[in-house]
Structure formats: C-alpha cells, structure tokens
Amino acid sequence: MDTKTKGRKAAAADGDIGNETRLELYRSQVELRYCEKRAYDLFLQNLIKGTSHLSLGQEAIAAAFGVAMRPDDWTFCTYRGHAHTLARGASMAGVLGELMGRECGLLGGKGGSMHLTDVEHGAMGSYAIIGAHLPVAAGAAWSAQYRGSGQVAVCFFGDGTTNIGAFHEALNFSAVWSLPVVFVCENNLYMEYTPIHAVTAVPHPAADRAGAYGLEAVIVDGNDADETYRVAVKYIDRARKGGGPALIEAKTYRHSGHSRADPAKYRPEGELEKWLERDPLVIYRERLRGLGFAEGTLKDVEEAAMRKVDEATATAKASPPPSVADIEKNVWADGGAAWRN
Amino acid sequence: MDTKTKGRKAAAADGDIGNETRLELYRSQVELRYCEKRAYDLFLQNLIKGTSHLSLGQEAIAAAFGVAMRPDDWTFCTYRGHAHTLARGASMAGVLGELMGRECGLLGGKGGSMHLTDVEHGAMGSYAIIGAHLPVAAGAAWSAQYRGSGQVAVCFFGDGTTNIGAFHEALNFSAVWSLPVVFVCENNLYMEYTPIHAVTAVPHPAADRAGAYGLEAVIVDGNDADETYRVAVKYIDRARKGGGPALIEAKTYRHSGHSRADPAKYRPEGELEKWLERDPLVIYRERLRGLGFAEGTLKDVEEAAMRKVDEATATAKASPPPSVADIEKNVWADGGAAWRN
Amino acid sequence: MAELTYRDAVAAGIAQEMERDERVVFLGEDVAAPGGVFKATVGLIEKFGPKRVRDCPISEQAILGAAMGAAMTGLRPIAEIMFSDFLAVCWDIVANEIAKTRYMTNGQIRLPLVIRTANGGGSRFGAQHSQSVENWAMAVPGIKVVAPAFPADVKGLLAAAVRDPDPVLFFEQKSLYATKGEVPDGEHVDQLGKARVLRQGKDCTIVALALMVHRALAAAELLEKEHGISCTVVDVRSLVPLDTQTILSEVVKTGRLVTVEENPRLCGWGAEIASIVADECFWDLDGPIVRITTPHVPLPSADQLEDNTIPSVERVVREIREKVD
Amino acid sequence: MAELTYRDAVAAGIAQEMERDERVVFLGEDVAAPGGVFKATVGLIEKFGPKRVRDCPISEQAILGAAMGAAMTGLRPIAEIMFSDFLAVCWDIVANEIAKTRYMTNGQIRLPLVIRTANGGGSRFGAQHSQSVENWAMAVPGIKVVAPAFPADVKGLLAAAVRDPDPVLFFEQKSLYATKGEVPDGEHVDQLGKARVLRQGKDCTIVALALMVHRALAAAELLEKEHGISCTVVDVRSLVPLDTQTILSEVVKTGRLVTVEENPRLCGWGAEIASIVADECFWDLDGPIVRITTPHVPLPSADQLEDNTIPSVERVVREIREKVD
Ligand SMILES: Cc1ncc(C[n+]2csc(CCOP(=O)(O)OP(=O)(O)O)c2C)c(N)n1
Ligand SMILES: Cc1ncc(C[n+]2csc(CCOP(=O)(O)OP(=O)(O)O)c2C)c(N)n1
Ligand SMILES: [Mg+2]
Ligand SMILES: [Mg+2]
C-alpha cells in the first residue's frame, strides 16, 4: 500500500476504519515497537552512545497519525521521536544508524538520536529543546496556508511541554491565524522524573488549556490506535479544509525510563504493571483477532517487521563512522562552514 | 493618613468602602492624572528625552491597588509604570526627575521612564521587556510565602502581554506553588498600535485564560475605582491568607497614544470620545459629589495635587544632570563596575 | 541615484524583494497596518496586502518559529524583532533552532530567512531597548550577521540577505534611521561578507560597524586635520561571513589596529578581530591593538550618561592620539 | 582532605551553604526528589526538605524569574538550568533582567543568586545539549561567570557564589561530573575572580577553562616530555571578574599566549583575553597569539565527530608545536 493511497483512505475513514487500515495500523505499531526494542538492545551492547528516549508503550499515537497523514504532510517531533520519524516512512537503517553514529544515519551522525529528520518523508525534524518546535510547526502550517497546498503540520510533544512559554505562543498564534496544524500532546504522566500533576495547575495539561486559545478540548485514549486514528483523521481533515488548528491530548504511558540513564524508580508500585495491561500492541492484537484477523496474518506482519529490524540493524552495523571531514560541512547551504574569506 | 492605616482599612473594606478611602482613591487618581499630564507637557518642552508611556485614562487601577495594598506589599509593573510607582508613595520629584534624566531621579538617571523603581515604597521595578516581570513577581511572592511574612506581590501588565510565553509560565508556576501574587491585566484594547482582538484567540485575553491555570475568571471595570478597589482587596486578602494567586482583567483605555511617538491614528473614529465619557476621574468625581462630598473638599484635593506636581516639577528642574562618574557605578554590590583586577 | 533615509531604505529593500519573489513574506509586531514602530516598513501592507505583510501578537518565539517553519517549507520570510534586546526572549529559536538545524540535519533543511531588528543606543531608551547585541549573534555558528551603516548598504545588503540561502540576522542601528544617503536606482543587490574601506590612511586602521562607522569617519577627519594622524577606516558591514582579507590587508598597511565598538567591552566582535590580527598579522603590527568600546555596563538612560557611555567622536580621537603615534 | 567527585562537590557546596543560611533555597527541574538528571543534587531534599529544595515545571523563565524575585526580597536562591543550552529559553531573564536590574535601579535592587548549569560537550548529546556558552554570559555586563575544573573549586567557588551579593552564573562541565579530586574538609569557601597557575613553564602560557584545563595540563606534560617545550598552564576559573593580573603576568614571563577554548571560535572568551594581551602585553610578546577552539560549527553528535571537534590533547600539542617554538 503506497503512501498516496494511505492519505486518501484516511480522509475517508469517518465511519468504519476498514481492515486494510487496521492492518496498516498494526504493522506500524509492531515495527515501531520492534525497532525501539532493538535500539534498547543496541544500547546494552554499547553500540549506541549518548542518550536516547524510547517511545515504548506510546506507539499507537505515532502509528495512528502516521497512517492518517497525507505523504506531503509534515511531522514535527521531539527527542522522543524515533517512532514518529519511522511512522512517516523514514529508513529504519537510517534511524538506527543515526543512533549508532554511523555514516548511514539519517543525519550522517551529526544530529544523533534527539534530532531525527527525514525531509523526503515529511519528518521535518526532532527538536530537543522543550517547546521549540511548536512555533516551527505553526510556521510550516502558515506556509501551507499561504501556498494553498492543503498540507497539514502535525506536532507531537509531551505533557511537560505544556508548561513552557513556547507552547502558549504557538497555540495562540496558530489559532489567530487559523493555521492547519494539529498539536498532539502525548500525556505519559511524567516530564522527566517528576509527575506532571506535581507541576501543572490543571489535571489535563493540554485539554484544560485548549479553551485559552478558543479551541475545543479533545482527549483521546492514546493507547488505542483506532480511537487515536479517528481523532487524527478528523482534526487533520478539518485543518486541511481550513478549519484551523487543534490541540489533542492523548493519554498514554512510557514503559521504560525517560531516557537511557533512567531506571524510573520514581514510579509508584504497580503503575507500570497496570499500564502494561493496556499495552497498545496487546490491545490491538486482541482486537484484530476478535475482528477475525487470522493468527497467521498477524504473525506474518510480526515476522516481516522483525526481518526489517534485523536488516536495518545489519546495515547500520556495517556502516562506517562518519568521516572527520564532515565536521566542517553543511553549516551553510554552500556545503561548507567558512565564516571568513 | 499613613500607609500603615491604609493597609488595615483596605483589608476591612469588604462591605462599604467608606468615605475616607473614597477620598484617598480620588486623591490618588487626581495626583496620577496631573503628574502624567505634567510629564506630557515636559515632553513638549523637550525636557523629557527618550520615550515615555502614559497611563492617562487608566489611573483608577493603579490608584485602587495602591490604596488596597499593605505598605510592605510589592508592586511589579511595566514601562507604563509612572502611575503604579507613584501610587505606592514614591516621590513625585523622583519620578519626574527620572523622566528628565536628572540626578534627583529615582534611578539617578540610569533607568529612565521605563524602569521606575522605589524599593523603599515596595515599587519593585518597572520592566520594559514584555512579560518578564510576571515570573519575577511570582518569585517575590515565593519569598513572602517562604518567610511567612504575609506580603503579597501585585503585578500589572497589559492585554498584549497575555500572548507571550512568560505570562503562561508565571501563571502556571504561581498556581502550582499557590503563591501570594495578584496578576492584574490592564486591558486597554491595544498592544502598541494593533488592536488586541486581532492577535488574540479569545475575547478576554486574561480572563479567558484563567481556567488554564485553575483560576477563576475575574473581569472588572478598570475605570471604576471603587469596583477595582473591591476586587483588589478581595484577591489581595485571599492571597495573603494563603488562597493562592489571582488573575484579574481590568477593562480600560488609554487616552493618549502608546508612547510619546504615537499619534494613535489607528483608533476607529469615536472610540476615544466614547471612552472619554467614561474617564475614571470624571466618573469618580461625579460619584463623590452624588455621595455628598462637598465641591470644596474635592477642589482642595485637586489643588493640593496640583501644588504637589508643581513642586515636584520645580525640584526636578532644579536638579542637575547625573554625574558622568556615575556611569561606572552600581553594576555590582560593591558600588563599582570592575570586571577585572 | 536617489537620496533615501536609512529608514526608507529598509522598506525599499523589502519591497524590491517582495516584488520579484512571491515567496518573500514579512511578519512582525505592529509592522503591517502601523508600518513599524520606527516607520521602517510603511507602505508595505498597501503594496503587498495582508497576506504577505502580517501583524503578530507579542510572541517573539512564535514569530521566529513561524519564520523558521515557513522557510523550511519553501517560503522566504523576513521577520522583524522590534528591538534587538528582545532577541533574548526568542534566543532559543535563533541560537538553538535556526542556527543549528541545517547542520544537525546534515543539510536536509535549509532556512532562507532574514531577521531584521533595531539595534543600538542613542535614543535614551535605557538598558533594555538600546543594546548592541551583534556579538551575541556572531558567537553562534550557523547564522550570518550583517550591520549596515548607510542607506545604500541597508537596501543592498537586505536584498542580499533575502536572496541568501542561509539565515541572516540583520541589525539596523536605530539612531541611523533618520540619516540620509544616496541609494542606487533600480534593483540594488549587494554582497554579504564584504567589508568596505571608506578612507585610506598611513598611521592606523580603524575598524568599525554601524553607528560607529560614522564616528570613526568623523574622528579620522579630525585626527588628520588637527593632529596629523592619518587613518584608514574600514566598515566591517558583515560580521559573518567576515571579510578578514580586507581587514588584515588594511592592518598590514598601517601597522596599527583600533576597533570601535558600540557593544560593552567583553567578547565584542572587536575582540574576535583583535585575536585574528594578533595571530595572523603579529609581525606586521607596530604597536598594541586598541579596542574602543562601551564600558562593560548596561547602557544608562539619561542623555548625559548615555552620550558619555557609547564611544563618541571625541573619545575615538583622544584614544587614538594617546595610544597611536 | 576527602576525595569527592565533581558531581558530589556540587551537592556538598549547596549543602554547606544551606546549612549555614536559612535564606538559601534551591529550585530547578527534577532536582529535588530525583536528585537532578546528573545526580549532582542527590540528598538535598532529604536534608533540607521540600520547602527549600523544589521541583519546578518545565518553565525556565519562571524558574529564573522566581529566583530573581526571591533574591530581591531577601532570599538567596540557587537555580538550576539543567543544560546550559537551555539558557537560551530564559536568556531574557538572565541578560536583560538579572544582569541589568541592579544597575538600572542605581543599586536599589540587589540580586544575590546563583544559576548553576551543566555546560559543554563530550557526551554525544548533539548540538542542543552540549554547547559551551560561558562566552554568552561573559558578554553581558552585570553577571559574574564562573567555570570550575576541579571538585575542590566546584565546592569552594559555588560557596563563594552563594555568598556573593551579585548574581553568578556557574557553569559545570558535564563531562567532568564523574572526575574525582581532593576537597578540603570542613567549611570550604573560595574566592571569585582568581585564576590559578597550575604549572609554570618558560616557553608558552596556556590559558584554559573547565574541561580544557585538563587537556591543557595533559598537553603541557607531553610537550615537556616529548618535545622539550615548557608551558605554563593557567586555569581561568572565573571569567567575570577576570583575573587579568595573573594572566598578564604569566604571559609576560613566557612571551607567548595560547588559549584553549571549548566554545566555537567566534567571540569566545579567549578572544577577549587575546585582545587584552595584544593591547597590554604587546611589547612582551615574542610571537603571535594562538587560539585553539572548537571550529565555528554546532557540535556534532557521533563520537567520532564530537571527539574531533572539541580541542583534544593531541590538537593542543600539535598546534603548540607548530606555532610556538
Ligand atoms: C527547555 C528545556 N527544558 C528542559 C529540558 C530537559 N528535558 C528534556 S525532556 C524533559 C521532559 C519532557 O517532558 P514531556 O514534555 O512530558 O515529554 P516526554 O519526555 O514525557 O515525552 C525535560 C525537562 C529540555 N530539553 N528543554
Ligand atoms: C518582548 C517584547 N516584545 C515587544 C515589545 C515592544 N512593546 C512594548 S509595549 C508593547 C505593547 C504592549 O501591550 P500591552 O501588554 O497591552 O500593554 P500596554 O502598552 O497597552 O499597556 C510592545 C509590543 C517589548 N517591549 N517586549
Ligand atoms: Mg511526559
Ligand atoms: Mg494594551
């Protein structure tokens, strides 16, 4: 199923999602999960240096939006952006290669895990300073509006991000200009190690702020790919038609720590276990089985995903480190880094 | 009436405001008005260089809070801060002297019209970068809370300020820490020359955002000193007792342009005239007359205010320019500016 | 050649580029209907309409973020930050996002955008509305930095900045807005990264920027006439890229370097140039390198204080007489 | 003398000051219950309780604004900005408010506060989590700037910063957190504004800061042993106030200056020192001033790239061998 079709399907998915889309949602979630798990293994083997922020447990959101978006729509995401970047169709070897600091990395090793970008697939960057990419997404949406291209910008961020100034500025700006941008807050209950409720004046950090920008409050179960997909289609479509921005709060949970260094000991006992019961992949697999999808069909998807991850891993491992000569490349559009003549 | 009494009166003013307080409110408004007008005349005489932002038409708010606050409470305000600073009891010669760049200026000529400060009277600074002082006011409130001093920080700003990031951060921060700070948005319908509705997603730029911080929406007629005074007393008192922050939107209008350079041609025809009918001083004078205040009493207030302004003007005019040696003073607490040994 | 003010040259430069390229859009606070607080963009809304010339809320992060997002998706925005001091409220978007994104994405994202801003002192506005912060920008890899001194350069360098494929921070000195100068008729596009030698001398090379260029020129005249000291004056014009060729070759000719900077002393652009000269022209120098800067203090507001803080013509004359002979 | 890590010296310094002064409070993101993302503040919440050690929302402007408001009303806050790169999101509070308020109010407001932040590269975090931005701070009048290289200095200078009546920006190099060193037992308070000569040589004076001090020392050792070049190494420790006396007198002794800076080249603190030396020690210099810096690029992430971008021991050795003899 090529991405063009995806877009058209999505727009039509007001009622029943349809089995083809369902399988696509499952495939995407499985790929994101397997790839993140592989990233974790590669850490343990010390093949990934630096930091890394996994989305284990949050895959349904990236998958749902990935399937719902038109190929020429734009994604803006955070340092926790492996899933969102992959969900747009970025090369898995490019992602793993970047995490490993290899030449084949999406960014040639220059950016690292926090800055995954694949412009060709509409993944317009991962931003590691909290809040910064919200206004940038608004700007892309402005460009779509200006050119009448019908493109939509989708911007992912966490619950903790709702307390920084740039969030406020971007939301007001987008609302006033009626920009085609969908802001998606993935509320996983924590900023880094601090529970979001301890630092936020309202229970729903995004939804309870929507009214401040004249927007409706939208809350969705971010562990349910179908529900999230429906919401994604609805608000992307609305934005595309000139209906302006949306602010969606997707409730979810990260299974691992904030980043590589974090054992997540701050979680109350039983919390993880409770959420593991609501693992989006488990839920979705059961649902598909209930809807009559054959065990073999799902197994095929899973095996294909695993092969893809294995191949990507092999490619990335085989790739050399980037050349030292690259250091002074690509500061400027002329390809160089010269600041003097 | 000394400032100590003021404080106690204010706290008790839940029901009737009382004639003494009313007269105080009138006196304050008249002084603020006359002083601002004098500042304008001094411009025209080219005795004030640089810029200046008058609060003509907005005096009721500064006066109401000035009367309602305890002497040890703190005021934080903007470049449009002459009235707020005077309303705390700062020397008028100090204010006019600062505008004129004289030695007797509150800041010895270092700050200028946009940075009036009088720590002795709790006027903790005028800030000229939009939004910056909201978190600072929160910090003062934190210090009061920490020390259990019962002090309250009052922070004034304009409608346009509600769209900048620092507004959002300060409001959330203050709400989460339940700080004794009262944020007062003076909605005078314009940022500089742009109508606030053209750049804001909601009709009430402050009140419609209160919910985003778990606060109640409070709107008050900022041209009515009594109404504003009642609201001031209520929320200052609540903050003092540990009830946390408030966000108040006071509706008002500036009679002159944004700053010295602005002829305010962007106003729709008739708008100024409509608001002049609601001039806070005219309203208040009529009300006092209706309540039985003698014409002579009010005249006395007015004449005393004019004398005060005249004396302050004379003092400021007689003051020399600051000494050039001051340039390298007071960067550091040791009184100097040395960055090397 | 028409005579234009520095202020009008801004609008002329923007208009020239908006006319030739639909992708050029302009946004900022009070820039459209009001024509800008310095009246530097008067007439643009009438000419290009509210779709291309847009007033914004007081949201500098949103303004520059929007410019960035638009630039990466095919537009060529010009964003105004009213006073350069306000760059501090959106410094993350400038220094961490706009400047770094091309490099971090290994060239995938390009950001052809211009940030215009009113820089510098002289208007008695006080320390939060008068700073010279071109050195803040120069310190950040990934953004070009331009600061014109004359109306012709305003128009020509602004046009060049708009056509440049990289982000450019364009500093307009606010005390210069009312000054006048000849500007070439018709399309005028200059080149980034070229300094200009305004005057040749034998004793000393004065390197200056923006408002300080005017003071350096006046000082050089006085030094020549009244004290027999003959100075070269170089207008740097562009800090990034920096025309080290011109600067170094002019220093070599006179054997002395004096920088005249409006910024507070520490880490000013003059320090950078001094360090380059002290390395690469060491053997050509006949005496110490002198930096004339604002003392390292926030800028005071009162006229008497402000005038004695920013380097004046008299101070330049005095310091050169004392230190260069 | 106990051996402490650079990381533990942070907590020790804060604890020492919190114990002796009730007015000292500490706030930041993930600093209290979690003990900081670099684990540099572990144990403080247990010792001083949640009233004095506070976790904040992701609101850097609010954090520093709160510190400022608290400082002007009698507290002595220590605020953490997790990574120095994030200073960009609250740069207005640092550069326009905290740094300028004392001066603008002619001394009415004093701001005894400390901003601690993890600075610098070496952790493969990429360009938005690895910058060395002490030169950003140095460029702003009104704020003191400290950057220790050793655990003892971390504790002693942090204590001095807390007791200082002026605002201090305290840069901790994040690659040094795990390093160990002797720290004096009992109360330890150092003095701001004093450089330290770590090694005396005859041929060349190397001036370095933070992580680069360690590399300069290692390079000096190699240069001495393997190439017969004898170097003085000065640890600047404090950029504002700057101990020019020590620096100038050490440069005079060797006749050569080499700065080793982790920051990208343009407008680094080394440029400032170079410009001072090129003015005040001109006649004492025996050869060009050399600056060794990170090339003027955002910092790349991959280990191979990062290691070859930040000045290494080998590069310091190589450049000194080539340029100083
Ligand atoms: C301006 C800024 N402040 C702090 C950080 C450090 N930081 C990185 S991730 C993070 C927590 C973000 O929480 P949230 O938005 O909920 O996203 P999540 O990590 O849960 O996906 C913090 C504080 C940062 N990157 N940028
Ligand atoms: C960060 C920042 N952006 C822009 C400005 C320029 N500016 C000064 S006053 C002002 C309008 C403020 O409007 P509002 O908050 O409504 O206050 P008012 O002037 O109406 O009292 C603007 C945009 C500034 N000082 N700071
Ligand atoms: Mg989160
Ligand atoms: Mg207003």
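Each chain gets a letter, A, B and so on, in the order the sequences are listed, and its residues count up from 1. As the structure is a prediction and not an experimental result, all values here were calculated from the model. Because only heavy atoms are used, hydrogens play no part in the values below, and waters and symmetry mates are left out as well, while side chains stay in.
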Check your understanding: Do C:T5 and C:D8 have side-chain atoms, one donor and one acceptor, less than 3.5 Å apart?
Key -> yes
Review point. Under 6.0 Å between ring centres, would you say that holds for C:F125 and C:F83?
Key: yes
Point to revise | Residues of residues 259-275 of chain C with any heavy atom under 4.5 Å of a heavy atom in chain B | key: C:R265, C:L266
Point to revise | Side chains of B:R254 and B:H53, donor plus acceptor under 3.5 Å | key: no
Check your understanding: Looking only at side chains, do B:H168 and B:Y213 share a donor and an acceptor under 3.5 Å apart?
Key -> yes
Review point. Mind checking whether B:Y190 and B:Y266 have parallel, tilted or perpendicular rings, split at 30° and 60°?
Key: tilted
Practice item. For the pair B:W339 and C:H296, name the ring-plane relationship: parallel under 30°, tilted 30 to 60°, perpendicular over 60°. Key: perpendicular
Check your understanding: Does B:K251 pair with B:E249 as a salt bridge, N-O distance under 4.0 Å?
Key -> yes
Practice item. Please state whether the side chain, the backbone, both or neither of B:S52 comes within less than 4.5 Å of a heavy atom of chain C. Key: neither
**Study point:** Atom group of C:V89 that falls short of 4.5 Å from chain B, counting heavy atoms
**Key:** side chain
Check your understanding: Going by atom types alone, do B:Q58 and B:H84 pair a side-chain donor with an acceptor below 3.5 Å?
Key -> no
**Study point:** Region of B:Y193 in contact with chain C, defined by heavy-atom distances below 4.5 Å
**Key:** both
Point to revise | Distance-minimising heavy-atom pair for C:Q131 and C:Q128 | key: NE2-CA, 4.3 Å
Review point. Taking B:A128, B:P321, B:G112 one by one, which has the highest count of heavy-atom pairs under 4.5 Å against chain C?
Key: B:A128
Review point. Would you call C:R315 and C:E319 a salt bridge, taking side-chain N to carboxylate O under 4.0 Å as the test?
Key: yes
Practice item. Under 4.5 Å heavy-atom distance to chain B, tell me which part of C:S123 shows up: side chain, backbone, both or neither. Key: backbone
Revision key, fill the gap. Answer key: most heavy-atom pairs under 4.5 Å with chain C among B:I164, B:V331, B:I129 is B:I129
Review point. Looking at B:G160, B:A166, B:P322, which one has more heavy-atom pairs under 4.5 Å with chain C than the rest?
Key: B:P322
Review point. Among B:V324, B:N330, B:L107, B:T200, who wins on heavy-atom pairs under 4.5 Å with chain C?
Key: B:V324
Review point. Looking only at atom types and distance, does a side-chain atom of B:K49 sit under 3.5 Å from a main-chain N or O of B:G101, one as donor and one as acceptor?
Key: no
Practice item. Tabulate, in ascending numerical order, the residues of residues 52-60 of chain C having at least one heavy atom closer than 4.5 Å to a heavy atom of chain B, or enter 'none'. Key: C:D55, C:C56, C:P57, C:I58, C:S59, C:E60
Review point. Can C:D92 and C:Q61 be counted as having a side-chain donor-acceptor contact under 3.5 angstrom?
Key: no
Point to revise | Proximal component of B:A261, with respect to chain C [non-hydrogen, under 4.5 Å] | key: neither
Exercise for review: Using non-hydrogen atoms and a 4.5 Å limit, figure out which bit of C:N308 sits close to chain B: side chain, backbone, both or neither.
Suggested key: both
Check your understanding: Can you find a side-chain donor-acceptor pair between B:R88 and B:T75 that sits under 3.5 Å?
Key -> yes
Review point. Relative to chain C, which segment of B:T194 carries a heavy atom at a distance below 4.5 Å: side chain, backbone, both, or neither?
Key: both
**Study point:** Main-chain N/O of C:L299 paired to C:T309 side chain as donor or acceptor, under 3.5 Å
**Key:** no
Check your understanding: Less than 4.0 Å between a side-chain N and a carboxylate O, is that true for C:R124 and C:D307?
Key -> yes
